[in-house]
Amino acid sequence: MSVAAPAITSTFFTPEHDALRVTIRAFIEKELQPYAEEWEAAGDFPDWVFEKLGGAGLLGLSYPEEYGGSGGDYISSLVLKEEMVRAGSGGVGMAVAVQTDMATPPVLKFGTEEQKQTWLVPAIKGTKIACLGITEPNAGSDVANIQTTAVRDGSDWVVNGRKIFITNGCRAHFCTLVARTDKPSGYHGFSLFLVPTDTPGWHVSRRLDKLGMRSSDTAEILMEDMRLPGDALLGEEGKGFYQIMWELQGERLVAAAGAVAGSQLLFERCLAYAKERHAFGQPIGKFQTMAHRLAEMATEIEAARALVYDAVWKFNAGEYPVKEISMCKLYTGVVGNRITNQAMQIFGGAAYLMDLPIQRAWRDSRLMRIGGGADEVMREILAKMRGL
Ligand SMILES: Cc1cc2nc3c(=O)[nH]c(=O)nc-3n(C[C@H](O)[C@H](O)[C@H](O)COP(=O)(O)OP(=O)(O)OC[C@H]3O[C@@H](n4cnc5c(N)ncnc54)[C@H](O)[C@@H]3O)c2cc1C
């Protein structure tokens, strides 16, 4: 199903951003999109995707040039997030976002020069794949309940624990891991570590089967007496909880940007279908109920995009807009789910078939309201900000 590209206009995209978008779109449509169906069916995609994206300079658009990045602003990485939906495989987009916007930003922000050279530089090249290890069987929304421990032993750390739902976990070369380093210290009792996944004691105990994002791998990780050198600590000891809360802002924003871009693409498909599919002697889009449905979808997507662009603008300016990002994460997830649900209705029986990607968008989009901080967690943050 081929659909004309929607015009994305905004005051903050410069001609350079527009040119970047053209390049990225052409790259994705040539190098990734043709394989989407195959990867979705296989429930996996090959590691060369990272190398290819890295080779094209797309894994470090907003990272400094000294580490192999392009030195661009955050808006240039927004362009990548928006265009990644054209890969046609949500799992690939998610895996790449884990690499660019979740596991590696803490390395740049908190890492030593040596850690940046060892992990960030190859991650930007795409020769090393990263994962992010926060969630545990008993610590999802309740991050502070993390039970994985890292205990000092001489100059080393010995890590024991279990992580779950780890995207890229089956293929990653390293993990940005959060562990408990000091039990009584509450929020000050956590620290970040950079873990090479060939460290003895690191085991991928299970590859998890899932509803959507099927081409991405999702792992359960077991760490048994895993010994790390002292310099595996990322940033200051005891600051891990705050570092992860910082990381989650970028994670939520990239997810929100992807959700809006995915909704837009799906909307374009719905619009085209409503014009070409006939029933009772006319295009189904001519029925008022259908036309109004599409009008409402367009309005919701614009509103969601406005929220995202506002947060991106502030994030790019160096602000820490937790309120705006929480609203983006919440609203784009709800809207994204409504759009995919409406698309299922507009396409009728065809939507229910595996031949069309509508069912896939419906399945993939459901994650947005759960992963990286569920709707309820976003509402809780926003309520607390209002003294509730
Ligand atoms: C496909 C996929 C990929 C993922 N990738 C990663 C990854 O790469 N790295 C990683 O670390 N994690 C990852 N996650 C984990 C994800 O971030 C968590 O699933 C998410 O944070 C929710 O945690 P949970 O699943 O344990 O749900 P729970 O915390 O058990 O929540 C269950 C329900 O209870 C609600 N709830 C919880 N607390 C409250 C409250 N205080 N008030 C009201 N309602 C509440 C939740 O909102 C939710 O609806 C991934 C998850 C999935 C499904």
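Heavy-atom basis, side chains included; hydrogens, waters and symmetry copies ignored. Atoms within a ligand are numbered from 1 in the order they appear, just like the ligands themselves. Because the structure is a prediction, the values reported are computed rather than measured.
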Is Glu136 salt-bridged to Arg180, going by a charged N under 4.0 Å from an acidic O?
no

Look up atom 39 (C) of ligand 1 and tell me if a protein heavy atom lies less than 4.0 Å from it?
no

For residues Tyr309 and Phe13, establish whether the separation of their ring centroids is below 6.0 Å.
yes

If we ignore hydrogens and angles and just use 3.5 Å, is the side chain of Arg366 paired with the main-chain N or O of Trp362 as donor and acceptor?
no

For atom 51 (C) of ligand 1, the closest protein heavy atom turns out to be Phe165 CB, 3.5 Å

Is Leu132 in polar range of ligand 1, meaning some N or O pair under 3.5 Å apart?
yes

Short N or O distance, Val98 and ligand 1, threshold 3.5 Å exclusive
no

Thr135 N/O to ligand 1 N/O under 3.5 Å
yes

For His188 and Tyr242, take the angle between the two ring planes, folded into 0 to 90°, and tell me which bin it lands in: parallel under 30, tilted 30 to 60, perpendicular over 60.
tilted

Between Gln117 and Tyr67, is the side chain to side chain contact (heavy atoms under 4.5 Å, CB included) condition met? List the steps.
CA-CA 7 Å; Gln117 292 299 334; Tyr67 301 117; 3.8 Å; yes

Per-atom contact, atom 5 (N) of ligand 1, protein heavy atoms, under 4.0 angstrom
yes

From Ala172, Ser216, Gly140 - option closest to atom 24 (P) of ligand 1 by heavy atom
Gly140

List for me each residue that meets salt bridge (Lys or Arg N to Asp or Glu O under 4.0 Å) alongside Arg360, sequence neighbours excluded, and say none if there are none.
Glu37, Glu40

List the steps, then state whether side chain to side chain contact (heavy atoms under 4.5 Å, CB included) holds for Phe190 with Ile244.
CA-CA 10 Å; Phe190 302 92; Ile244 281 303; over 6 Å; no

Heavy atom of protein inside 4.0 Å of atom 10 (C) of ligand 1, strictly below
yes

In the protein, what heavy atom is nearest to atom 3 (C) of ligand 1, and what distance, to one decimal place, separates them?
Thr167 OG1, 3.3 Å

Is the closest heavy atom of Gly372 to ligand 1 under 4.0 Å?
yes

Out of curiosity, Asp101 CG to Leu253 CG, how far, rounded to the nearest 0.5 Å?
8.5 Å

Kindly confirm or rule out an N or O of Ile134 lying under 3.5 angstrom from an N or O of ligand 1.
yes

Distance filter under 4.0 Å to Ile370 heavy atoms, resulting ligand 1 atoms:
20 (C), 22 (C)

Please confirm whether the backbone N or O of Asn138 pairs with a side-chain atom of Asn145, one donor and one acceptor, at under 3.5 Å?
yes

Considering distance alone, does some N or O of Glu376 sit under 3.5 Å from an N or O of ligand 1?
yes

Measuring to protein heavy atoms, does anything land under 4.0 Å from atom 26 (O) of ligand 1?
yes

Option with minimal heavy-atom separation from atom 52 (C) of ligand 1, where the choices are Asn145, Asp142, Leu367
Leu367

Would one find an N or O of Ser141, backbone or side chain, under 3.5 Å from an N or O of ligand 1?
yes

Can you measure from CG (Leu367) to CG (Asn337) and round to the nearest 0.5 angstrom?
10.0 Å

